[in-house]
Colleague: 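Got a structure for you, written out below as structure tokens; questions coming shortly.
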Amino acid sequence: MAKFYVTTAIDYSNGEPHLGHALEKIGADCIARYRRLAGDDVHFLMGMDEHSQSVIQAAASAQLSPQAWVDRMAATFADYWRRLYCSHDDWIRTTEPRHARAVTALLERIRARHPDDLFEAEYEGLYCTGCEEFKTGAQIVNGHCIEHPTLELIPTKERNHFFRLSAYRDAVLERIRSGSFAVEPEIRRNEVVRLLEAGLQDISISRQRQPWGIPFPGDAQQTVYVWFDALINYLSATGFPDPGYERLWPADLHVIGKGITRFHCVIWPAMLLAAELAPPRRVWAHGYVQWSGAKMSKTAGTAVSLGEAIDYHGADALRYYLLRDVGFANDGDFTWERFDARYIADLANTFGNLVSRALTMIQSYRGGTVPRASQGRATPLDDAAREAAVAYRRAMDGYRLEDGAAQWMDLAGRANRYIEETAPWKLAKAGKDAELDQVLASLARTVAQLAVLGQPFVPTTAETVWSLFGPSPASPAPGPLVQVHLADVSGLDVAGRQVAKPPILFPKPRLTPA
RNA sequence: GGCGGCGUAGCUCAGCUGGUUAGAGCAGCGGAAUCAUAAUCCGCGGGUCGUCGGUUCGAGUCCGACCGCCGCUACCA
């Protein structure tokens, strides 16, 4: 069983999560669930980034200690991810001892193996407490950071510890070009490659007078710069530096937003190389959720409440809509109208109604028992299902989640057409039992397959549909959905199972009366 | 400023190395059917393929310029 260690970016503890956070977590969860389905031994990590100046400020304005504040934020985030059915195996917080230990160990390991890579120097510049970065050039407009126009940039001059990032340009570039370190989608890889080709400067990795952070090893006056600290979370969660961390490391996939590729695709692999540790195998940088083509903004009133979006049609529906319509590569729009359109046309009318009509016919024509087809085996629908599974797999293996979702939904559409083509109600009236058995059996198989393939997108709905196939004399319990392997999906046998009356999976919102 | 991407039917987008009447889904219109969540299925798309020019027997598909969006990056007031 192949190990698959997947991570999301850890979230800053300075505000409520929004749709953008949600897209990343949902996408990563979709991948994690898919890899489990494909038989991998998945380890899925999420967590919180809890150091930094902005946390101190947020805590102060809430009249809380930093620790009390981050505890509260962690609980808030975790609750949202629970509501979205995130299936993470571990949850790391950078204030945990295991993380501080790993950060210290990594720095000491770099110092031991490449002492020249860590040095002290003076740094001077404008510091944005929102980004926790020094800002230069076009990042500054009207004297403010473009990301945080309401915050003051702080002129800062201090003696810091530096990391010799410039020494690793060629090594990182070579790994990206050769593919041993994959940066995707392609547009992101090209950006990173150009960035590397342009050359790198050494970076400051410590801060003075920043009590809320991890002490810099060998220099009690300074703390580890929050970004340098944060990246290491992926390693901390493996148990590093204790023996056995290699069971998980290197990470197979870091899922991040397109705005932080520099840290993950340049600095992070360089840090690891300096410590003589393997860089991650792959980074996937997703796009952003937009509102009518513009960045979501609270001030412009275009920020959508995540809680509201979850409650609107349910978490499964939000997951499907975001992954199918907004997508996991490029930027995409969120609008309530588009959400409605996907929900009604796809989830309710195509998928939900398919399950409803297929199982209802098995109820009324076969007393609720899935018939065993006597003649032939593969119907045109079975053939279509097999092809869909192949295309689905190809899309999901390449992290093209929107394509995977489309393949899944298209199969449901194909099944609806199959019903029209075969018209089981006519077969029933005409007493063509063998043909009817074959059609109903094929439909049941396909619905079961849809439950399996739909898991990464609509986990609870998939579970519900799967559980509709009850015990049969030959096989008392259907067995958990999560134990079904993707390789077996085309050979699923539900003949003989007793099906329950199908519930309304995706109830349609009542239309507003005129 | 540099580098890169995008601009195709009302909406979201496919269109690989140039070649029959430019496609899909959604929405809309018409029809059929009745197992089903008034769901489904079938039929219907004359859209300057951003603009102009070029290469070619032939360009949405290559080249150039321009317009409009967008991304990354740069010690540009």
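Protein chains get the first letters and strands the later ones, always in sequence-line order, with residue 1 at the start of each. Computed from a prediction, not measured in an experiment: that's the story for all the values here.
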Colleague: Out of B:rA39, B:rC35, B:rU37, which nucleotide sits closest to the side chain of A:L505?
Modeller: B:rU37
Colleague: Take atom C1' in B:rA32 and the same atom in B:rG47, then report the distance between them in whole Å.
Modeller: 29 Å
Colleague: I need the CG-P distance between A:L443 and B:rA36, as an integer number of Å.
Modeller: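 Those two atoms, CG and P, are 14 Å apart.
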Colleague: A:E420: what forms a salt bridge (charged side-chain N to carboxylate O under 4.0 Å, His left out) with it, not counting sequence neighbours?
Modeller: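 Scan of A:E420 (salt bridge (charged side-chain N to carboxylate O under 4.0 Å, His left out), adjacent residues dropped) gives A:R357.
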Colleague: Do A:T379 and A:D382 pair up side chain to side chain, a donor and an acceptor below 3.5 Å, judged on atom types alone?
Modeller: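 Distance-only check passes for A:T379 and A:D382.
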Colleague: Which side-chain N or O atoms in residues 191-199 of chain A pair as donor and acceptor under 3.5 Å with protein atoms at least two apart or in another chain?
Modeller:
| from | atom 1 | to | atom 2 | distance (Å) |
| --- | --- | --- | --- | --- |
| A:E191 | OE2 | A:R188 | NH2 | 3.1 |
| A:E197 | OE2 | A:R177 | NH2 | 2.5 |

Colleague: Suppose you measure atom C1' in B:rU8 against the same atom in B:rG25; what distance do you get, rounded to whole Å?
Modeller: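 Taking atom C1' in both B:rU8 and B:rG25, they lie 15 Å apart.
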Colleague: Rounded to the nearest Å, what distance is computed from the CZ atom of residue A:R188 to the C1' atom of nucleotide B:rC72?
Modeller: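 Interatomic distance, CZ of A:R188 to C1' of B:rC72: 8 Å.
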Colleague: What integer number of Å spans the C1' atoms of B:rA22 and B:rC16?
Modeller: 16 Å
Colleague: Applying side chain to side chain donor-acceptor pair (under 3.5 Å), name anything that partners A:Q222, two or more places apart in sequence or on another chain.
Modeller: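 Result, side chain to side chain donor-acceptor pair (under 3.5 Å) vs A:Q222: A:S206.
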Colleague: Could I get a table of every N or O pair under 3.5 Å where one atom is in the protein and the other is in nucleotides 7-13 of chain B?
Modeller:
| from | atom 1 | to | atom 2 | distance (Å) |
| --- | --- | --- | --- | --- |
| B:rC11 | O2' | A:R338 | NH1 | 3.2 |
| B:rU12 | O4' | A:R338 | NH1 | 3.3 |

Colleague: Which part of the nucleic acid does A:L195 contact within heavy-atom distance under 4.0 Å: base, sugar-phosphate only, or nothing?
Modeller: sugar-phosphate
Colleague: Within a reach of under 6.0 Å around CD of A:Q201, are more than 12 heavy atoms found that belong to other residues, nucleotides or ligands?
Modeller: no
Colleague: Is A:D403 salt-bridged to A:R394, cutoff N-O under 4.0 Å?
Modeller: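 No, this pair does not count.
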Colleague: In whole Å, measure the gap between the P atoms of B:rG5 and B:rG45 for me.
Modeller: 36 Å
Colleague: Counting only side-chain heavy atoms from C-beta out, which of B:rU37, B:rG5, B:rG71 sits nearest to A:R194?
Modeller: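 Closest nucleotide to the A:R194 side chain: B:rG71.
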Colleague: If I pick the P atom on B:rG15 and the same atom on B:rG50, what distance separates them, to the nearest angstrom?
Modeller: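 Taking atom P in both B:rG50 and B:rG15, they lie 15 Å apart.
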Colleague: Output the pairing pattern of RNA chain B as a dot-bracket string, 5' first, Watson-Crick or G-U wobble with both distances under 3.5 Å, | for cross-strand pairs, [ ] for crossing pairs.
Modeller: (((((((..((((.....[...)))).(((((.......))))).....(((((..]....))))))))))))....
Colleague: Of the nucleotides B:rG71, B:rA36, B:rC42, which one has an atom closest to the side chain of A:E191?
Modeller: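 Out of B:rG71, B:rA36, B:rC42, the nucleotide with an atom closest to A:E191's side chain is B:rG71.
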Colleague: Quick check for you: among B:rG71, B:rU40, B:rA36, whose closest atom lies nearest to any side-chain atom of A:N416?
Modeller: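 Out of B:rG71, B:rU40, B:rA36, the nucleotide with an atom closest to A:N416's side chain is B:rU40.
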Colleague: For A:N190 and A:F506, find the nucleotide of RNA chain B closest to each by heavy atoms; which residue's nucleotide sits nearer the 5' end?
Modeller: A:N190
Colleague: Of all the nucleotides listed (B:rA36, B:rC42, B:rU37), which has the minimum atom distance to the side chain of A:I504?
Modeller: B:rU37
Colleague: At less than 4.0 Å, is any side-chain N or O atom of A:K508 found next to OP1 or OP2 of B:rA39? Yes or no.
Modeller: yes
Colleague: In whole angstrom, what separates A:L347's CG from B:rU37's C1'?
Modeller: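 Interatomic distance, CG of A:L347 to C1' of B:rU37: 13 Å.
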Colleague: Can you find a heavy atom in the side chain of A:L436 that is under 4.5 Å from one in the side chain of A:P371?
Modeller: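 Counting from C-beta outward, A:L436 and A:P371 never come under 4.5 Å.
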Colleague: Assess, by modelled atom type and distance only, whether the side chains of A:D346 and A:Y321 contain a donor and an acceptor separated by less than 3.5 Å.
Modeller: no
Colleague: Identify whether the distance between the nearest side-chain nitrogen and carboxylate oxygen of A:E184 and A:R400 falls below 4.0 Å.
Modeller: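 No, no charged N to carboxylate O under 4.0 Å.
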Colleague: Can you tell me how far C1' of B:rA74 sits from CG of A:L196, to the nearest Å?
Modeller: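 Atom CG in A:L196 sits about 15 Å away from atom C1' in B:rA74.
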Colleague: Check whether the side chain of A:N353 and the base of B:rA36 form a donor-acceptor pair under 3.5 Å.
Modeller: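 Answer yes: a donor N or O sits under 3.5 Å from an acceptor.
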Colleague: Rounding to a whole Å, what distance do you find between A:F351:CZ and B:rA36:P?
Modeller: 18 Å
Colleague: The criterion is side chain to side chain donor-acceptor pair (under 3.5 Å); which residues satisfy it with A:T461, sequence neighbours excluded?
Modeller: A:D316
Colleague: Less than 6.0 angstrom separating the ring centers of A:H264 and A:Y234, yes or no?
Modeller: yes
Colleague: Without decimals, in angstroms, what is the distance between A:D340 CG and B:rC26 C1'?
Modeller: 13 Å
Colleague: Determine the Euclidean distance between corresponding P atoms of B:rC66 and B:rC3; express it in Å to zero decimal places.
Modeller: 13 Å
Colleague: Closest to the A:A341 side chain: B:rU37, B:rG71, B:rC26?
Modeller: B:rC26
Colleague: Side chain of A:K429, heavy atoms from C-beta onward: which of B:rA36, B:rC35, B:rU73 has the nearest atom to it?
Modeller: B:rC35
Colleague: Roughly how far, to the nearest 0.5 Å, is CZ of A:F163 from OH of A:Y225?
Modeller: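 Taking OH in A:Y225 and CZ in A:F163, the distance rounds to 14.0 Å.
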Colleague: Work out how far the P atom of B:rA9 is from that of B:rG23, and round it to whole angstrom.
Modeller: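 These two P atoms come out 14 Å apart once rounded.
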Colleague: With C1' as the reference atom in both, quote the distance from B:rU20 to B:rC57 in angstrom, rounded to an integer.
Modeller: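 Going atom to atom, C1' in each nucleotide, I get 15 Å.
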Colleague: Could you state the CD-C1' distance from A:E420 to B:rC41, rounded to the nearest angstrom?
Modeller: 4 Å
Colleague: Using a cut-off of 4.0 Å on non-hydrogen atoms, how would the nucleic acid contact of A:A198 be classed: base, sugar-phosphate, or nothing?
Modeller: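 If one applies the 4.0 Å heavy-atom cut-off, A:A198 turns out to touch nothing in the nucleic acid.
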Colleague: Starting at the 5' end of RNA chain B, which residue's closest nucleotide do you reach first, A:Y365 or A:T350?
Modeller: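 Nearest nucleotide further toward 5': that of A:Y365.
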Colleague: Go through B:rU73, B:rU40, B:rG71 for me and flag the one nearest to the A:R262 side chain.
Modeller: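 In terms of side-chain proximity for A:R262, the closest of B:rU73, B:rU40, B:rG71 is B:rU73.
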Colleague: Report the distance from atom CD of A:E186 to atom P of B:rC6, rounded to the nearest whole Å.
Modeller: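 Rounded to whole Å, this separation is 11 Å.
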